[in-house]
Visitor: 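Here it is: the structure, laid out below.
We count residues from 1, following the sequence as given.
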Amino acid sequence: QEIYSREALMPSGGRLVFDQTEALTAVDISGGMLAQAKSRADTLGFRVRTNSEFEASRRADAEAAATAMAMNAMQAGALVEATPEAVEAAVAAARDAASRAEEEAKQPPPVRFVVADVEKLPFDDASFDCVVDTFSLCVFNEPNRALVELARVLKPGGMALLVEHSKAPGFLGAYQDAVAGPVKSLAKGCAWNQDVVGLVEATPGLRVVETTPSLFGLLTTVEAKRA
């Protein structure tokens, strides 16, 4: 996805700015939040579909393009002279367009949604410039292993952006610890009292660049860089 000087207002009120001349590859590992992830992508102006939606739409577009090309070729031949050669050329052009469309349909879409195990992401090492994780470490069974995978798929110098529930300081943190069990059972397994910054700092290959607590420390935004 080519992005040039694009700025988006995020739901939290912050701004996300892209300003570059090279392709950006990014993955959002947010767990169980397909609808929300698609909504965020729409906010950024990306045309996002699942694999099946993308392939069905692309094949329909390709068929329409091939038909239009054939009609144009036929009309051009008719304007000059509807000879057998002109008809043959039109048919050949249509077949060529269909063949190219078929090859294009085999290529992976630029934006995909993949259901996968966060501890075994189906991507090669150093695949992405950016990995985004929003309110997911708290529901992963092994958040440290998820972070190791996050670091693995990041390119050297790539950025990890996390927005997570975190343990607040002082009395509020003690309260989180006291009710952590009931909260976890009632909130889809959310462990809302994790030391998120500590987890990231303990992940080999990641260096914390900046942390921003909010909501009295109940939420933390972490920016980390891949060594």
Visitor: Do you know which two heavy atoms are closest between Val183 and Cys190, and how far apart they sit?
Guide: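 Shortest heavy-atom contact: CG1-O, 4.0 Å.
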Visitor: Minimum heavy-atom separation for Ala168 to Gln176, with atom names?
Guide: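 So the minimum-distance heavy-atom pair works out to N-OE1, 2.7 Å.
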Visitor: When rounded to the nearest 0.5 angstrom, what distance separates CZ in Arg207 from NZ in Lys225?
Guide: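 Reported value, rounded in 0.5 Å steps: 6.0 Å.
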Visitor: Check whether any side-chain N or O of Thr203 sits under 3.5 Å from a backbone N or O of Glu201 as a donor-acceptor pair, and report yes or no.
Guide: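 Answer holds: no.
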Visitor: Quick check for you: to the nearest 0.5 Å, what is the distance between Arg226 atom CZ and Arg152 atom CZ?
Guide: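 Answer rounded to 0.5 Å: 10.0 Å.
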Visitor: Can a donor-acceptor pair be found, under 3.5 Å and without considering hydrogens, that links the side chain of Glu142 to the backbone of Glu119?
Guide: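 Looks like no, no N/O pair under 3.5 Å.
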Visitor: For atom CG of Asp125, decide whether the heavy atoms of other residues, nucleotides or ligands shown that lie under 6.0 angstrom number more than 12.
Guide: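 Buried by this count: over 12 neighbours within 6.0 Å.
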Visitor: Just to verify, which of Asn193, Asp177, Thr220 counts as forming a side-chain hydrogen bond (donor to acceptor under 3.5 Å, both in side chains) with Lys167?
Guide: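 Answer to the side-chain hydrogen bond (donor to acceptor under 3.5 Å, both in side chains) test with Lys167 among Asn193, Asp177, Thr220: Asp177.
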Visitor: State the SG-NZ distance between Cys130 and Lys155, to the nearest 0.5 angstrom.
Guide: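 It comes to 11.5 Å.
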Visitor: How far apart are the closest heavy atoms of Val209 and Met159, and which atoms are they?
Guide: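 That closest heavy-atom pairing would be CG2-CE, 4.4 Å.
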Visitor: What's the separation between atom CG in Leu147 and atom CZ in Arg145, rounded to the nearest 0.5 Å?
Guide: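 Between Leu147 CG and Arg145 CZ, I get 12.5 Å after rounding to 0.5 Å.
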Visitor: Rounded to the nearest 0.5 Å, how far does CG of Leu219 lie from OG1 of Thr134?
Guide: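 Going from the OG1 atom of Thr134 to the CG atom of Leu219 covers 11.5 Å.
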Visitor: Where do Glu149 and Leu121 come nearest, in terms of heavy atoms and distance?
Guide: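 Minimum heavy-atom contact is OE1-N, 2.7 Å.
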Visitor: Please name the pair of heavy atoms, one in Pro143 and one in Gln194, separated by the smallest distance, quoted to 0.1 Å.
Guide: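 Closest pair (atom of Pro143, atom of Gln194, distance): CG-OE1, 3.3 Å.
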Visitor: Hey, what's the ring geometry for Tyr175 with Trp192, parallel, tilted or perpendicular (30° and 60° as the breaks)?
Guide: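 Aromatic pair Tyr175/Trp192 classed perpendicular.
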Visitor: Any idea which heavy atoms bring Pro204 and Ala202 closest together, and the distance?
Guide: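 For Pro204 and Ala202, the tightest heavy-atom pair comes out as CD-O, 3.4 Å.
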